[in-house]
Amino acid sequence: MTRPPALAITAQDAEAVAAHTGVLAVLAEPGAKLDPAAGRVNRAMRGAVERAVASEAFSKLDPGGALRLDWPGGLQARAVLVLRLDRKADAEAARKAGAAVGAAMDKDGALILAGAHRGAAQMALGALLRAYAYTDQRSKPGDPPGKLSVMVTKPEAVEAEMAPLLAVAEGVYFTRDLVNSPANVLTTKAFAKHVKALKEHGVEVEILDEDAMEKLGMGALLAVGQGSESPSKLAIMQWKGGKKSAPTLALVGKGVVFDTGGISLKPGAGMEDMTMDMAGAGVVAGVMKTLALRKAKANVVGLVGLVENMPSGRAYRPGDVVKSMKGDTIEVINTDAEGRLVLADVLWYAQERFKPAAMIDLATLTGAVIIALGHENTGVFANDDALADAMLKAAAAEGEGAWRLPLGAGYDKQLKSRHADMKNTGGRPGGSITAAQFLARFVKEETPWVHLDIAGTAMRSTDTPLAPKGATGWGVRALDRLVRDKFEG
Ligand code: BES
Ligand code: MN
Ligand code: ZN
């Protein structure tokens, strides 16, 4: 498992700055005087920082953007990054500025001279998140990024602010590793093992096997996994950081470790990306890790359905009718619409057992959500406006794109089946909405519920501000914030 680079938050130390051999970062605001730390670097570089700040290139930078000066004379550093960061910059700009450092950082590490800037901790988080690299599958992984140092005027205060953010970085790294892992490595069993490792941090973990799920009547989930050699599992993670009487939030994740489509086989081109079809479960596991590491004062239960969708002589087929734990029967039209079958049983189980005050599921559920929203926004569906608004607000604060889409009885009609209580696909029109509508049938009226379709946001083919290409960890930060805002204290 990949861990974030080591982090040191210290007081200003001019000698350490002069001796630093990695990337050095200073902050500057166009038109304003350089802060004392940047001023010292500027003098060592005979005014180069000032000239950079006065340049046209610098004036064109977005907040949080960076100008890179290589091999600065008068210093040992290999590069100086001049970060455009106004004194009043928001958290997002601060994270972005930090990310520029994270992207540039190598084995010699990086040093950010953040002075008295109030965004220092967010800068550090941005740098840690962007410095992620998935190297587990390389025979020669190379050197991991070195230490990140941040020099500030008030190290204790920044350190205190940083503690929960470090927990966030750990959670995001965990999620990204899970999502980036190939399916021969991250089998259902291996995923369950990673979940069990959260016990070490105080999370209570149970793994239900196929026999247990059979007894519970989870015919929908089990049908999806029956064609695979890997046994299906339901992993349950409980973090009891709140008072006994405090409400429980349930987080539910789709954990299809590989989605071939099953008998309704997917086309070959691009199928390798379906290693990420467990991203919903990966985010749930990452959030649980973050909550445990920062000892969140909240009661949160994470439930992830772990299955592999394979074609074989034992696989479920189009036309099969399966029975869900709820008791509703489902006609399988397309075995590639498997995520909703998994979630149907996990959502129902979550409500029956935990009676959550709110329930949020995450799933790489539909290709259609990519057609609707591209890769910039997760599709948000909800039966409760207050919970939807809280979710959207938390996502916005973290700079994680999220956009609400509708539900409605008209869409639900598309799920009418000739033989069974419903079918598992609603045709092409509004494909993400009919998928959400299917899930809604397994949500009790009294349960406030949000469904997050992360098919477009869980993995990116290009670098993004806070992540190299590949798994993003979308949602770990938003959900951590939602817990902080709505379920703590
Ligand atoms: N895992 C896929 C959805 C997906 C597509 C995730 C692209 C990430 C990127 C899901 O199981 C699926 O196959 N959905 C089908 C549903 C259809 C058969 C109704 C789809 O989107 O085509
Ligand atoms: Mn599928
Ligand atoms: Zn899928």
Side-chain angles (χ1 to χ4, degrees), residues 179-180 183 186 188 191 220-221 223-228 230 232 252-283 304-311 315-320 330-346 361-379 381 405 411-412 414-415 417 422-439 451-461 469-472 474-475:
V179 176
N180 282 328
L186 191 74
T188 55
F191 198 128
L221 182 153
V224 175
Q226 78 190 32
S228 171
S230 290
S232 299
V252 171
K254 167 179 172 180
V256 176
V257 295
F258 195 75
D259 181 12
T260 64
I263 297 299
S264 313
L265 194 64
K266 285 183 182 295
M271 202 201 276
E272 67 278 10
D273 285 348
M274 285 302 118
T275 52
M276 55 74 101
D277 211 21
M278 35 53 66
V283 173
V304 299
L306 305 172
V307 304
E308 185 179 38
N309 188 20
M310 292 289 268
Y316 79 136
R317 350 161 168 61
D320 283 4
I330 303 159
E331 181 187 10
V332 177
I333 299 299
N334 189 319
T335 63
D336 198 12
E338 85 297 341
R340 62 198 76 182
L341 296 172
V342 174
L343 289 176
D345 281 338
V346 184
D361 77 75
L362 298 102
T364 48
L365 202 63
T366 65
V369 81
I370 308 175
I371 304 303
L373 299 175
H375 296 284
E376 297 296 329
N377 282 289
T378 287
F381 301 83
L405 294 168
Y411 298 106
D412 192 65
Q414 290 175 236
L415 298 173
S417 158
M422 71 193 84
K423 54 182 185 175
N424 77 330
T425 62
R428 282 176 53 88
S432 303
I433 305 174
T434 52
Q437 213 66 60
F438 181 97
L439 301 182
H451 158 57
L452 301 169
D453 192 335
I454 58 171
T457 49
M459 194 171 82
R460 301 290 300 267
S461 58
K469 67 172 186 269
T472 58
W474 188 100

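Note that the structure is predicted; figures quoted are calculated from it, not measured. The figures that follow rest on heavy atoms only: side chains count, while hydrogens, waters and symmetry mates do not. When a ligand or atom number is given, it counts from 1 through the structure's own listing order.
Evaluation of the ring-ring contact (aromatic ring centres under 6.0 Å, His included) rule for Phe258 yields no partner, not counting sequence neighbours. Remark: Asp277 pairs with Lys254 by the salt bridge (Lys or Arg N to Asp or Glu O under 4.0 Å) rule, at least two apart or across chains.
For the side chain to side chain contact (heavy atoms under 4.5 Å, CB included) test with Asn424, the passing option among Thr335, Val332, Thr434 is Val332; the others fail.
Between Val307 and Ser228, every side-chain heavy-atom pair lies at or beyond the 4.5 Å cut-off. Residues Ser230 and Val257 form no side-chain contact, since every pair of their non-hydrogen atoms from C-beta on lies 4.5 Å or further apart. With contacts defined as side-chain heavy-atom distances shorter than 4.5 Å, the pair Trp474/Val283 does not qualify. Annotation: side chain of Ile263 is in contact with side chain of Pro318 (closest heavy-atom distance under 4.5 Å).
For the atom pair CE (Met459) and OG1 (Thr364), the distance works out to 10.0 Å, reported to the nearest 0.5 Å. For the atom pair Asp259 CG and Asp336 CG, the distance stands at 5.0 Å (nearest 0.5 Å). Taking OG1 from Thr260 and CE from Met274, the interatomic distance works out to 10.5 Å, rounded to the nearest 0.5 Å. To the nearest 0.5 Å, atom CG of residue Asn309 and atom OH of residue Tyr316 are 5.0 Å apart. We find the CG-OG1 distance between Asn180 and Thr275 to be 8.0 Å, quoted to the nearest 0.5 Å. Met422 contributes atom CE, which lies 15.0 Å from atom CD of Gln414 (distance to the nearest 0.5 angstrom).
Of the protein's heavy atoms, Thr425 CG2, 3.6 Å lies nearest to atom 19 (C) of ligand 1. Ranking the protein heavy atoms by distance from atom 1 (N) of ligand 1 puts Asp277 OD1, 2.8 Å first. Nearest protein heavy-atom neighbour of atom 21 (O) of ligand 1: Gly367 N, 2.7 Å. Summary of contacts: the protein heavy atom closest to atom 2 (C) of ligand 1 is Asp259 OD2, 3.6 Å. Nearest protein heavy-atom contact of atom 16 (C) of ligand 1 is Arg340 NH2, 3.8 Å. Considering only non-hydrogen protein atoms, atom 18 (C) of ligand 1 sits nearest to Asn334 ND2, 3.5 Å. Atom 14 (N) of ligand 1 has its closest protein heavy atom at Leu365 O, 3.5 Å.
With Ser264 contributing its side chain and Asn334 its backbone, the two residues share no donor-acceptor pair below 3.5 Å. Asp345 contributes a side-chain N or O that, together with a main-chain N or O of Ala220, makes up a donor-acceptor pair within less than 3.5 Å.
Within ligand 1, counting atoms from 1 as listed, the ones closer than 4.0 Å to a heavy atom of Ala455 are 6 (C), 8 (C). Ligand 1 places these atoms under 4.0 Å from at least one heavy atom of Lys254: 1 (N), 10 (C), 11 (O). The distance from ligand 1 to the heavy atoms of Glu338 drops below 4.0 Å at these ligand atoms: 11 (O). Taking every non-hydrogen atom of Thr366 and a distance limit under 4.0 Å, the qualifying atoms of ligand 1 come out as 3 (C), 21 (O).
By the criterion of a heavy-atom distance under 4.0 Å, both the backbone and the side chain of Asp336 are placed next to ligand 1.
Summarising the contacts of atom 3 (C) of ligand 1 with Val369, Thr364, Ile371, the nearest heavy atom is found in Thr364.
Nearest heavy-atom pair, Ala455 versus Ile370, reported as atom, atom and distance to 0.1 Å: O-CD1, 3.9 Å.
Taking a cut-off of 2.8 Å, the protein N, O or S atoms nearer than that to the Zn ion (ligand 3) are Lys254 NZ, Asp259 OD2, Asp277 OD2, Glu338 OE2. Protein atoms that are N, O or S and lie under 2.8 Å from the Mn ion (ligand 2) are these: Asp259 OD2, Asp336 O, Asp336 OD1, Glu338 OE1.
Within the structure, ligand 1 has Met274 among the residues with a heavy atom less than 4.0 angstrom away.
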